[in-house]
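Order of listing sets the numbers, starting from 1, for every ligand and every atom in it. What you are looking at is a predicted structure, and each value in this text was computed from that prediction instead of being measured.
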Amino acid sequence: MLGACVEKPSTLERVKEDGVLRVITRNSPATYFQDRNGETGFEYELVKRFADDLGVELKIETADNLDDLFNQLGQPKGPVLAAAGLVSSEQRKQQVRFSHPYLQVTPQVIYRNGRSRPTSAKNLEGKHIMVLKGSSHAEQLAQLKLKYPAIEYEESDAVEVVDLLRMVDEGQIDLTLVDSNELAMNQVYFPKVRVAFDLGDARGQSWAVAAGEDNSLLNEINSFLDKVDKNGTLQRLKDRYYGHVDVLGYVGAYTFAQHLQQRLPKYEKQFRASAKLEKLDWRLLAAVGYQESMWQAEVTSKTGVRGLMMLTQNTAQAMGVSNRLDPKQSISGGAKYLAYIMEQLDDNIEEPDRTWFALAAYNVGGGHLDDARKLAGKEGLNPNKWLDVKKMLPRLSQKQWYSKTRYGYARGGEPVHFVANIRRYYDILTWVTQPQLEGDQVAEGELHVPGVNKTKPPENSPQL
Ligand code: BLG
């Protein structure tokens with residue numbers, strides 16, 4: 001008998017049959033945006049892996065605001081999954097069902113440094129507060145208002161989190177509420193914003209499916225999230241998107257934000273020009289320059305290494321640099337040297353590791369790097385993977401190890417920090433600057449917050 005007892009396919013079966021996972025998110029640096037390599041963002045990367053696991057294509061749609069997002073999720077033939085940094089709440093549970101949490105975040109009250117700092121919910125009275133319309137923060141404020149009726153707040157659906165932080169930074173509003181991950185990611189662009197206090201405990205961000213759906217998709221999502229939690233993928237994504245404040249430290253991130261505005265504009269043109277000549281990504285070159293001298297032309301290290309790109313006398317000579325303190329010469333010499341090292345590296349080292357190896361050699365020298373690669377080989381590790389070789393580099397300063405190497409003692413810990421810092425600076429620079437435009441196409445010093453880069457990436461950017 002045809003038709004009589006054909007069961008309706010489950011949500012998961014439908015997705016697999018269609019070959020497409022339709023996901024709704026928000027366009028913001030913490031969720032989904034375009035950068036030099038096209039689509040990116042924490043939510044995007046996570047949900048892309050989920051789609052890959054299912055063997056289907058990912059189709060991302062963006063909602064204008066949170067109300068719009070929840071409405072679209074319920075539509076027949078609409079997106080089946082929301083991945084948008086959502087925190088579960090009683091109110092939201094009436095509309096959707098949430099997955100296992102994948103990221104713990106704390107709601108934080110944000111104020112501007114130099115203004116009076118609120119320390120409790122009662123202090124929110126009399127302040128100009130703005131939050132996203134339909135956000136969990138708006139829900140929190142509604143709750144607080146029951147106890148402190150004098151609290152006034154504005155809900156806006158015309159802004160994103162970065163706008164709220166900018167408005168606090170510029171003093172247009174007194175306070176906002178954002179989640180800790182969003183602050184961590186954006187702190188570097190807004191040097192004046194500070195955490196006043198945590199408004200409650202940490203909560204889990206989860207994906208959501210429409211309440212009317214069966215369990216099939218949600219179960220699949222939960223086992224995927226459990227898997228990426230166990231195999232380290234989730235942690236790597238967290239480090240990549242939210243780790244830079246941890247690595248740089250609060251003071252480092254703050255200082256970098258200031259130098260981005262005060263110092264980089266003086267040298268940006270030169271970084272672009274030299275990088276272009278050597279077929280490098282100028283942001284990588286600028287990141288090296290920041291690590292070396294914090295973009296100062298006239299520095300000299302304890303060991304006599306000098307200038308913006310910290311060239312040794314030998315390197316300078318080899319690269320045709322006559323005055324290491326001349327920033328133009330220094331940047332162009334550094335670029336030449338980096339391109340030269342990149343070229344010299346073993347063909348078996350592939351991107352993105354190739355870039356990290358080149359940076360390490362820039363700092364410690366190719367000979368010592370090769371020693372560390374040999375040590376890796378002897379330990380059964382992969383000499384072509386940065387993750388493995390960086391474990392070996394610190395051994396070059398221990399006699400039991402360096403005595404057996406060809407080039408002997410080196411301060412092997414230094415290149416490990418060197419590369420880690422440059423990666424963070426490079427990440428930030430790619431979020432705030434335009435992609436590799438030609439020198440004369442770009443207004444100098446024009447920095448952007450993330451989410452606005454639409455141009456195609458240069459082919460030589462290392463894929464992170
Ligand atoms: C690098 C050279 C490499 C050289 C290594 O030293 O300088 N890089 C440059 O000049 C760009 O060429 O490799 S070698 O030619 O194979 O020997 C090893 O000698 C520079 C490093 C040294 C480091 N900074 C660029 O990263 C430095 O100054 N360290 C000392 C810091 S402090 O004074 O102790 O604080």
Legend entry - Thr312-Asn314 side chain donor-acceptor pair, cut-off 3.5 Å: no
Legend entry - Distance from atom 33 (O) of ligand 1 to nearest protein heavy atom, with residue and atom: Lys302 N, 3.0 Å
Inset, instruction - Measure the distances from the heavy atoms of Gly366 to every atom of ligand 1 and state whether one is below 4.0 angstrom. - result: yes
Legend entry - Side-chain donor-acceptor pair present, His128, Glu154, cut-off under 3.5 Å: yes
Inset, instruction - Could you walk me through whether Leu141 and Leu124 pass side chain to side chain contact (heavy atoms under 4.5 Å, CB included), step by step? - result: CA-CA 10 Å; Leu141 288 172; Leu124 301 184; 4.2 Å; yes
Inset, instruction - Report the part of Val305 in contact with ligand 1, treating N, CA, C, O as backbone and CB onward as side chain, heavy atoms under 4.0 Å; options are side chain, backbone, both, neither. - result: side chain
Inset, instruction - Provide the number and element of each atom of ligand 1 under 4.0 Å from a heavy atom of Phe418. - result: 26 (O)
Inset, instruction - With heavy atoms only and a cut-off of under 4.0 Å, state how Tyr362 meets ligand 1: side chain, backbone, both or neither. - result: both
Legend entry - Residue-ligand contact His368/ligand 1, heavy atom below 4.0 Å: no
Legend entry - Glu43 side chain to Trp207 side chain, donor-acceptor N/O pair below 3.5 angstrom: yes
Inset, instruction - State, to 0.1 Å, how close Asn384 and Asn348 come at their nearest heavy-atom pair, and which atoms those are. - result: ND2-CB, 3.5 Å
Inset, instruction - Name the orientation class of the two ring planes belonging to His259 and Tyr290 (parallel below 30°, tilted from 30 to 60°, perpendicular beyond 60°). - result: tilted
Inset, instruction - Could you tell me whether Thr315 approaches ligand 1 through its side chain, its backbone, both or neither, with non-hydrogen atoms closer than 4.0 Å? - result: side chain
Inset, instruction - State the atoms of ligand 1, each with its element, that fall below the 4.0 Å cut-off from a heavy-atom position in Met310. - result: 9 (C), 10 (O), 11 (C), 20 (C), 25 (C)
Legend entry - Leu311: numbered ligand 1 atoms lying under 4.0 Å from its heavy atoms: 10 (O), 11 (C)
Inset, instruction - Find all atoms of ligand 1 within a distance of less than 4.0 Å from any non-hydrogen atom belonging to Thr303, and give their numbers and elements. - result: 28 (O), 30 (C), 33 (O)
Legend entry - Under 4.0 Å to a heavy atom of Val364 - the qualifying atoms of ligand 1, by number: 5 (C), 18 (C)
Inset, instruction - Check whether the side chains of Thr300 and Arg306 place a donor and an acceptor atom closer than 3.5 Å, and report yes or no. - result: yes
Inset, instruction - Please could you name the atoms of ligand 1 that Glu292 approaches to less than 4.0 Å, counting only its heavy atoms? - result: 24 (N), 25 (C), 26 (O)
Inset, instruction - Could you tell me whether Asn314 approaches ligand 1 through its side chain, its backbone, both or neither, with non-hydrogen atoms closer than 4.0 Å? - result: neither
Inset, instruction - Determine the interplanar angle of the His368 and Tyr407 rings, folded into 0 to 90°, and report it as parallel if under 30°, tilted if 30 to 60°, perpendicular if over 60°. - result: perpendicular
Inset, instruction - Please identify which atoms of ligand 1 are closer than 4.0 Å to at least one heavy atom of Glu414. - result: 23 (C), 27 (C), 29 (N)
Inset, instruction - Check if Arg411 has a non-hydrogen atom at a distance under 4.0 Å from any atom of ligand 1. - result: yes
Inset, instruction - Any chance you could lay out the salt bridge (charged side-chain N to carboxylate O under 4.0 Å, His left out) test for Arg49 and Asp52, step after step, and finish with the verdict? - result: CA-CA 5 Å; Arg49 284 171 175 77; Asp52 288 349; over 6 Å; no
Inset, instruction - Only heavy atoms count here, so choose which of Leu369, Asn363, Thr312 is nearest to atom 5 (C) of ligand 1. - result: Asn363
Inset, instruction - Among all protein heavy atoms, pick out the one at the shortest distance from atom 13 (O) of ligand 1; state its residue, atom name and that distance to 0.1 Å. - result: Gly365 CA, 3.1 Å
Inset, instruction - Determine whether the aromatic ring centres of Trp295 and Phe256 lie less than 6.0 Å apart. - result: yes
Legend entry - Within-cutoff protein neighbour (heavy atom, under 4.0 Å) for atom 17 (O) of ligand 1: no
Inset, instruction - Taking the six-membered ring of Trp401 (Phe, Tyr or Trp), confirm whether the NZ or CZ of Lys399 is under 6.0 Å from its centre and within 45° of its axis. - result: no
Legend entry - Atom indices of ligand 1 within 4.0 angstrom of Ser301 heavy atoms, with elements: 28 (O), 33 (O)
